[in-house]
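What follows is a single structure, written as structure tokens, with notes after it.
Every chain is numbered from 1 and lettered A, B, ... according to where its sequence line falls, protein lines coming before strand lines. Note that this is a predicted model, so its numbers are computed, not measured.
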Number of protein chains: 2
Amino acid sequence: MKEEEKKSERFANMVENIKKYGGCPVSATLKLIGGKWKPLILYFISVDVNRFGQLQRMMPDCSKRMMTVQLRELESDGLVHREVFAQVPPKVIYTLTDKGESLRPLFNMLSQWGIEQVLEPRRKAEN
Amino acid sequence: MKEEEKKSERFANMVENIKKYGGCPVSATLKLIGGKWKPLILYFISVDVNRFGQLQRMMPDCSKRMMTVQLRELESDGLVHREVFAQVPPKVIYTLTDKGESLRPLFNMLSQWGIEQVLEPRRKAEN
DNA sequence: CGGCATCCCCGGCGATACTG
DNA sequence: CAGTATCGCCGGGGATGCCG
């Protein structure tokens, strides 16, 4: 294999993809999942913590306002489905769409890399 | 396989990891690569566009200031190595560290997901 | 219960000019 | 060539209060 071919395999060939699809595909992905609380929200919904109040209790540092904003963004980006039950008191449940579910392998990889390259080294350094 | 086991496999079990390592591993990863220009900078360095001026020409919308800031962050996070040649005019080359190189499979996955789930659907919708 | 409206502050980021 | 320095905007996000 030539050297240039090896280089081009180091990362996906983004320049080509940017021309073809009109944007950086990595940034496009990060824009959807990179919100301050989105990883945790997506995680909790994926394990059936699917009520607004439940999510709040799991993430006490995320204000109601931010929870709403992030959930709305996830919804309009098609990662999360919001179902409203017309009753008193109100009831809303959140679930992952197929698009949201398709993030699973990505999240597992992001999680593993974060543990190995960021969190675990940091913990060792503190001891 | 029980239903609970399936649920816990949908995403990595973050709650457990957060307790164990003191932070959300996914957010920890996104914090390092999520900067506005970082995906493109990392990509270009990975294909040996390794001079400051070269990077600027590849990304004309990224100001010199932002280029500097992002490169310094990548360096202090251990993803990029900065080598200065003491000569006039100055010469600096940037390369990926092993930690930076280890992002490759992650970037390929992020890129593929972005194309399939974000950019390609968007292009189709415009036609 | 599950939001929305408002106020306010801080930090990210752009523009511009200067430098070893 | 490869940066720094300074100014200034504006938008993300916190705090608080109100609502169906």
Point to revise | Contacts of type side-chain contact (heavy atoms from CB on, under 4.5 Å), residue B/Val118, not counting sequence neighbours | key: A/Ala28, A/Leu32, B/Trp113, B/Arg122
Exercise for review: Please name all residues satisfying side-chain contact (heavy atoms from CB on, under 4.5 Å) with A/Lys91, sequence neighbours left out, ordered by chain then number.
Suggested key: A/Arg51, A/Phe85, A/Gln87, A/Ile93
**Study point:** Contact interval (first through last nucleotide) of DNA chain D with protein chain B, 4.0 Å heavy-atom
**Key:** D/dC1 to D/dT6
If you round to the nearest 0.5 Å, how far is [atom2] of [Y] from [atom1] of [X]?
{"X": "A/Gln56", "Y": "A/Ser63", "atom1": "CD", "atom2": "OG", "value": "8.0 Å"}
{"X": "B/Thr97", "Y": "B/Leu79", "atom1": "OG1", "atom2": "CG", "value": "5.5 Å"}
{"X": "B/Tyr43", "Y": "B/Met59", "atom1": "OH", "atom2": "CE", "value": "11.0 Å"}
{"X": "A/Leu110", "Y": "A/Leu30", "atom1": "CG", "atom2": "CG", "value": "8.0 Å"}
{"X": "B/Ile45", "Y": "A/Phe11", "atom1": "CD1", "atom2": "CZ", "value": "9.0 Å"}
{"X": "A/Lys20", "Y": "A/Met14", "atom1": "NZ", "atom2": "CE", "value": "15.5 Å"}

Review point. Under a 4.0 Å heavy-atom cut-off, which of residues 82-93 of chain A touch DNA chain D?
Key: A/Pro90
Review point. What parts of residues 63-71 of chain B reach DNA chain D, counting only heavy atoms under 4.0 Å away?
Key: B/Lys64, B/Arg65, B/Thr68
**Study point:** Five-pair end axes of the helix from C/dC1-D/dG20 to C/dG20-D/dC1, angle between them (10°)
**Key:** 50°
Check your understanding: So, A/Glu120 and A/Arg123, do they make that salt bridge, N to O below 4.0 Å?
Key -> yes
Check your understanding: Knowing that exactly one of B/Arg65, B/Gln70, B/Arg72 qualifies, which makes a side-chain contact (heavy atoms from CB on, under 4.5 Å) with B/Thr68?
Key -> B/Arg72
Study note, to complete from the structure: Whichever of A/Arg57 and B/Trp37 has the more 5' nearest nucleotide on DNA chain C, that residue is A/Arg57
**Study point:** Interatomic distance, A/Ile45 CD1 vs C/dG2 P [rounded to whole Å]
**Key:** 12 Å
Practice item. Figure out the NZ/C1' separation between B/Lys31 and C/dG11, and round it to whole Å. Key: 14 Å
Considering all heavy atoms of both residues, which atom of [X] and which atom of [Y] are nearest to each other, and what is their separation?
{"X": "A/Met66", "Y": "A/Cys62", "result": "CB-SG, 3.9 Å"}
{"X": "B/Leu42", "Y": "B/Phe107", "result": "CD1-CZ, 3.7 Å"}
{"X": "B/Ile33", "Y": "B/Lys38", "result": "O-CB, 3.7 Å"}

